[in-house]
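What you see below is based on every heavy atom in this structure, not just the backbone, and it leaves out hydrogens, waters and symmetry mates. Lettering follows sequence order; numbering is per chain, from 1.
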Amino acid sequence: MIQLLRIELYKIFKRPRTYISFGIVTAITTVIQVAMLSDGKSFLGFALQGINEQFDIHGNILNGYLVAYIILQSLLIHIPLLVALVAGDMLAGEANLGTLRLLLTRPVSRSQLVLVKFFASFLYTVLLIIWLAVVALFLSLLLFGKGDMINLKSDAFVMLLQGDVMWRYAAAFLFAILAMTTIAAMSLLLSAFADNSIGPIISTMGIVVVLTILSNLELPLFNLIKPYLFTTHMIGWKGFFDDPVPYAAIARSSIILVVYTVVFISATIVYFNKKDIRS
Amino acid sequence: MRRFCVFVLVIACCAVNGVRAAEASVLFESLRRKVLSVHDYTAEVKMNINVTYMRIPQLGGTLYYKAPDKMRLERHGGLSILPKKNINLTLSNLIPGGNVTVIEVGEATIGNKKVRVLKVIPEDEKSDIILTKIWVDEKDLVALRTETTTRNDGTVTMDLEYATYTAYCLPDKVTIYMDLKDYKLPKGVTMDYNDQPAPPKTTDKKNQKGTIKITYLKYNINTGISDSFFSKPEKK
Amino acid sequence: MAPILEVEHLSKSFKTFKAVDDLSFAIRRGEVYGFLGQNGAGKSTTMRMALGLIFPDSGRICINGSEFNNSRRHLLRSIGAIIERPDMYGYLSGWENLKIFAALSGSSIPAARLHEVLDIVGLKGREKDRVSAYSQGMKQRLGIAIAMAHQPDLLILDEPTNGLDPQGIAEMRALIISLSKDHGKTIMISSHLLYEIEQVATNMLIIHKGKKISEGPVQQLLNPDDTLTEVAIVPDDSITAQLTVSAWAKYVERTGPGLLVFRMNPAHTPALNKWLVDAGAQVQSISSKHSFETYFLNITSDTTAAHRAI
């Protein structure tokens, strides 16, 4: 199993496609940072309108912590695509390439193969999020400096002291890893169904987009199903930037994401063990 | 109309209790003199902003004040948040200046102190202050509470507690109650994580009260802060 | 000794399409077993079932006497295979591909052995190149190197000459013969071309629409005495009459206007020609074709002929 995992990781990191994601994360982050450097003040003025009417806020508002949050806010919705780029390709890509049949004529257990593919996707996800942390948080801190962090919610203005922020980012990135692992698991399941990797990648994105819309629509019908959609819980990382941190809600979200992940992986194993390899 | 009412009130008060009115005026004037004797100060403060829609931790910093209307909070690299009319945080600004009419409305007890309650009405029509009600501790000559109705910012109520700086009428603890407007950002913009407890809703949306508590740890009084200090940009 | 691969009453359908229909056969150690059938006849499906890639609807597969389903992973250690195209990781080098699949073979294979198989398949010196830069023939050879690196008893090669140029086909053929003769491998090889099977196989099975049509040693199925010789002459009834009473009568398969068909060893053709000329026939052409080839061509072009006797 370790051998199998080593081989999977070797394949992932030998492939140019893998690094596209890291490039995209870097590019988008840099674009937002440049935009914030040039136009950040007016952007803030707009966002803080409601508060500025009644309060004077002075100091380095547009600091690295806030910029990192803005980056995560706009980027984390797209990270599933990058995760799907690798996880969705795991089985379908090998089917498409024709290597899956060669792989399965080896004395390899299919269940183990699925688990290893999942674990490899997970490690890739972890690296991607770590990279995101480096460019979104640490680079922003370098560019914009430190400071107390403000967080604008629809119904509240939250301010966090600068010494109180770093652990929240650590927790938020851990949560993001969990959320993206759920995406990886779903991608892997879709990947087992398909014989080319475009299908699972697009389906993953499609599902994430549709469910995210459902999660955000304020309609009574959707309110019923919202608590059961994993997309509702994927933004749980934001909870760490609230005061007080809604630990109970975050714990519930984490459990739901874990349950989804386990269900996706089990379904993949069951299906893949019965699948005729005809590619 | 307002002037007429005030006039009637003043006449009535004078007629009933002319002596008391004169005493009240003297009391107010000596209080005002004491308050205005502080031209500027620097103070280490701890500030708690308590507004329903704001979740702000206790902010520590240095508060700079210069009479009549300059105030600045330095947070040593952190963000400073003060109410827009931050000058309302000081007693000197909640007490009307210029010629005023003072009416004594009675006595009350704050904590275990007996206080005299004065109503102060500025005679200057352009003054932002319409009416100030002051609870004065006659013995220490300090204001323990003020309730100021302003033209633009609703009513600001202030509770003051004194210890070390009673001589300057500078409080150790101040609690300011102010009227606030509602705040709401569109949900789509913020993409909130929904699973958090909703903040306690006030029943009266239009008249949300916010409180600001300031604890003054140490004053440096009348050190002569220059005006330019208040306009220079914040240190990062 | 149990057959190295034994298949009994194997059936597999994909939705309504019956890919393999009650197929039984056995491959013994040392054989080169030709699996002949047109495209879509069920060759690949059968081979995939023998490798556990596809699950049969019914029937039994045994390898070295053990039921395949019960110990798939164990039994796969003794098999090496190429199924259809030899697809590898194009972004990796030949050597990296070889190493990856060798590592998954269930036994540890020393680097020396990997160099040895590269030498056997003639890829020595090109192993550091990316597979995406390989020709089809090189990929096939790398596929065989991967299939045989772990010293399997049985090699399953599905259309190994597909997509190769004539020289590549010749080289592949030589390699397969060498694998059998010099390395003692048992080989199951499929093709849709009779002459390819004919040149390498010791035994052969014809499959059509998932069913076994015939099976046997190549020598027996391709007996030269079963060669059909067609003689085209200017129509002449006297020749036909003379023929029926001559010594050649026993070889006559059928006659028609201007056409005489004989089933005989092609060695007799010059003598037949001489006899015809002596009998006064005006011979226009003589052509020989093995009856099996005719038969195979018939079933691949005309399915109704499938059950006509050989």
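The residue among A:K274, A:R110, A:E94 with the most heavy atom pairs within less than 4.5 Å of chain C is A:R110. Between chain A and the options C:M49, C:R85, C:R77, C:K12, the largest number of non-hydrogen pairs under 4.5 Å is found for C:R85. Chain A forms the most heavy-atom pairs under 4.5 Å with one residue out of C:G90, C:G80, C:S105, C:A147, and that residue is C:S105.
Heavy atoms of C:H74 lying under 4.5 Å from chain A are absent altogether. Both the backbone and the side chain of C:I146 come within contact range of chain A, each with at least one heavy atom under 4.5 Å from a heavy atom of that chain. At a 4.5 Å heavy-atom cutoff, the contact between C:L92 and chain A is made by side-chain atoms alone. Residue C:R48 touches chain A through its side chain alone, counting heavy-atom pairs closer than 4.5 Å. Interface remark: A:E8 contributes no atoms to any contact with chain C (heavy atom separation under 4.5 Å).
Salt bridge status for A:R101 with C:D87: present, with a side-chain N to carboxylate O gap under 4.0 Å. Salt bridge C:K99/C:E96: absent, no basic N to carboxylate O contact under 4.0 Å. Salt bridge status for C:E67 with C:R60: present, with a side-chain N to carboxylate O gap under 4.0 Å. Using a cutoff of 4.0 Å between basic side-chain nitrogens and carboxylate oxygens, C:D119 and C:K124 are not scored as salt-bridged. A salt bridge links A:D195 to A:K275: at least one charged side-chain nitrogen sits closer than 4.0 Å to a carboxylate oxygen.
The aromatic rings of C:F35 and C:F25 sit tilted relative to each other, their planes meeting at an angle between 30° and 60°.
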